[in-house]
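To start, the structure itself, in structure tokens.
Chain identifiers are assigned alphabetically (A, B, ...) following the order of the sequence lines, protein sequences preceding nucleic acid strands; residue numbering begins at 1 within each chain.
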Amino acid sequence: MPELPEVQAAVDYLRKRVVGCRIIATKILWGRSIAKLSPATFIRRLKGCSITEVFRRGKYICAALSSARSRESQFLFIHLRMSGSVDVLGSKIPVDPYDRVIFELDSGKTLRFNDVRKFGKISLVNEQSVITDNLGPEPLDGKLTDKLFYTALQCRKRRIKPLLLDQAFLAGVGNIYADEALWSSSLHPATLSHQISEESARLLLAAIRTILLEAISLAGTDFGDGVVSEGMYRPKVYGRAKSQCYRCGKGIVRLVVAQRGTHICPHCQKQKKSSSQSTGLRRTRMRRQAGKGN
DNA sequence: CAAACTCCCTGTTAGC
DNA sequence: TGCTAACAGGGAGTTT
């Protein structure tokens, strides 16, 4: 599942291969991969545009476009969601069954948006803000200080894991790196944000950054010859249920928090008891079981 | 305001 | 062994 580091790798890959290219034609093989616009409009508005820049914002791949005709610029925002990927291939390479959108470039190559599960979306907008206004700060941006992060946590009363996953709160962190950062800073995923101490907040932000940077350095190695390194971040807790915790040796447990699979070490990540919270959870669980029985 | 729930999809996997 | 049902997961939208 692409999160910030994987999206950054895709951006680095694309930047080298498509910046300066002109889009000659676009083929849409799955209409719902395009957000908002009809396929015909999408194709028409892209025709003849040049790609001037490729960058990342949150989990979006962004391509800035300029048109020879109209002076106004456009932006292509690609969200890979669960299973999306991008490739730049020779135009003669056969279409893959999971290719959803193909952009034909004047370089003789094609930019292919491939997406098995069809969750990915491509938006074409005139203003970046249409997309970016809904995004929180970049976790690696120095302007996000410890103080600002701590204050942001204090302003909310939400469980820390779903808060980290909320792209309007922080842009780019997904399920895997949220679990990893919480384990690293010894926080239970259901800890309420306003109950996190300033010191814990500092450790959490540091953990997020360390983990993202490590994953970027591993996932993002592109040797420029079409081979992208397969070195991958090795999770400490994510997907390691029933394995031993690297810190204390006890068993990793998988639970569900906010409808998301969540992996923790119950020994290292203890939750401070909050009475209203535990009763709330118990009620939910009882209601679920009652529903299943019918 | 927080959080649960639903939907979108299909490859993988647990269970029979 | 072969089948089916459950499951995973990001994010938008809806309901509690």
Side-chain angles (χ1 to χ4, degrees), chain A residues 1-8 10 28-37 56-62 77-86 96-101 113-123 125 130-136 139 152-181 188-196 212 235 237-242 254-263 271 274-292 294:
Chain A
M1 304 132 261
E3 298 185 24
L4 188 153
E6 294 77 20
V7 176
Q8 186 62 55
I28 299 174
L29 287 68
W30 179 253
R32 284 201 261 185
S33 292
I34 310 300
K36 304 263 165 80
L37 300 179
R56 180 189 62 73
R57 182 73 173 88
K59 297 182 199 172
Y60 286 91
I61 299 167
C62 318
F77 279 79
I78 303 175
H79 199 303
L80 302 173
R81 293 284 186 98
M82 300 297 300
S83 59
S85 64
V86 285
D96 182 89
Y98 303 130
D99 281 343
R100 306 303 181 195
V101 182
F113 172 67
N114 187 283
D115 185 18
V116 172
R117 296 189 190 178
K118 300 178 174 175
F119 277 19
K121 286 279 181 293
I122 304 182
S123 309
V125 294
V130 173
I131 303 289
T132 59
D133 276 359
N134 300 317
L135 297 176
L153 292 177
Q154 292 296 305
C155 293
R156 311 296 203 88
K157 293 184 179 178
R158 290 182 62 182
R159 296 172 303 172
I160 186 62
K161 170 150 179 183
L163 189 56
L164 291 178
L165 295 180
D166 185 343
Q167 300 300 296
F169 179 77
L170 192 65
V173 174
N175 205 38
I176 296 172
Y177 298 114
D179 279 6
E180 294 298 306
H188 190 282
T191 307
L192 294 176
S193 59
H194 65 293
Q195 295 180 168
I196 293 174
L212 290 178
V237 282
Y238 187 84
R240 294 191 65 245
K242 295 173 186 172
R254 179 186 182 279
L255 51 145
V256 174
V257 177
Q259 294 80 241
R260 290 282 177 266
T262 300
H263 306 75
Q271 184 183 9
S274 152
S275 56
S276 64
Q277 200 179 333
S278 55
T279 53
L281 284 173
R282 201 168 301 131
R283 277 200 203 109
T284 306
R285 203 170 298 140
M286 285 165 68
R287 204 181 311 133
R288 275 220 193 98
Q289 290 194 333
K292 277 185 181 173
N294 282 345

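- For A:Y98 and B:dC9, the shortest distance from a side-chain N or O to OP1 or OP2 is not below 4.0 Å.
- Between the P atom of C:dG13 and the CD atom of A:Q259 lies a distance of 18 Å, rounded to the nearest Å.
- Rounded to whole angstrom, the span from the CG atom of A:L135 across to the C1' atom of C:dG11 amounts to 11 Å.
- In this structure, A:F119 does not pack face-to-face on the six-membered ring of C:dG11, missing the 5.5 Å centre cutoff or the 30° plane limit.
- Residue A:K157 places no side-chain N or O under 4.0 Å from the OP1 or OP2 atom of B:dC1.
- Among the atoms of the strands shown, base atoms are found under 4.0 Å from some heavy atom of A:R260.
- One interatomic measurement links the two molecules: CG of A:L164 to P of C:dG11, which rounds to 13 Å at whole-angstrom precision.
- In this structure, A:Q167 contributes its side chain and A:V173 its backbone to a donor-acceptor pair below 3.5 Å.
- Atom CG of A:L165 is separated from atom P of C:dA12 by 13 Å (rounded to the nearest Å).
- When distances are taken from the side chain of A:R117 to each of C:dG11, B:dT10, B:dA4, the shortest belongs to B:dT10.
- A:G58 approaches A:V7 most closely through the heavy-atom pair O-CG1, 4.4 Å.
- Atom pair A:L80:CG and B:dC8:P shows a separation of 22 Å (rounding to whole Å applied).
- In this structure, A:H79 reaches the C:dG11 phosphate: one of its side-chain N or O atoms is under 4.0 Å from OP1 or OP2.
- The minimum heavy-atom distance linking A:P189 with A:P162 is given by the pair O-CD, 4.3 Å.
- Within 4.0 Å of A:Y238, counting heavy atoms only, lie sugar-phosphate atoms of the nucleic acid but no base atom.
- Side-chain atoms of A:E3 never come within 3.5 Å of backbone atoms of A:K59 as a donor-acceptor pair (strictly under, hydrogens ignored).
- Counting only heavy atoms from C-beta on, A:R159 has its side chain closest to B:dA4 among C:dG10, C:dA12, B:dA4.
- A close approach under 4.0 Å does occur between a side-chain nitrogen or oxygen of A:R254 and OP1 or OP2 of C:dA8.
- With sequence neighbours excluded, the residues satisfying side-chain contact (heavy atoms from CB on, under 4.5 Å) with A:K118 are A:W30, A:R100.
- Straight-line distance from the CZ atom of A:R156 to the P atom of B:dA3: 10 Å, rounded to whole Å.
- Phosphate proximity of B:dC8 to A:K121: absent, as no side-chain N or O sits under 4.0 Å from OP1 or OP2.
- Using a 4.0 Å cut-off between charged nitrogen and carboxylate oxygen, A:R81 and A:D115 do not count as a salt-bridge pair.
- DNA chain C lies under 4.0 Å from at least one heavy atom of each of the following residues of residues 166-176 of chain A: A:Q167, A:N175.
- Side chain of A:K161 to backbone of A:R260: no donor-acceptor contact under 3.5 angstrom is found.
- Counting any heavy atom pair closer than 4.0 Å across all strands shown, A:R158 reaches sugar-phosphate atoms only and no base atom.
- Counting to the nearest Å, the P atom of B:dC1 and the NE2 atom of A:H194 are 15 Å from each other.
- As rounded to whole Å, 16 Å separates atom C1' of B:dA4 from atom CG of A:L163.
- One distance of note links CD1 of A:I78 with OH of A:Y60; it measures 12.0 Å at 0.5 Å rounding.
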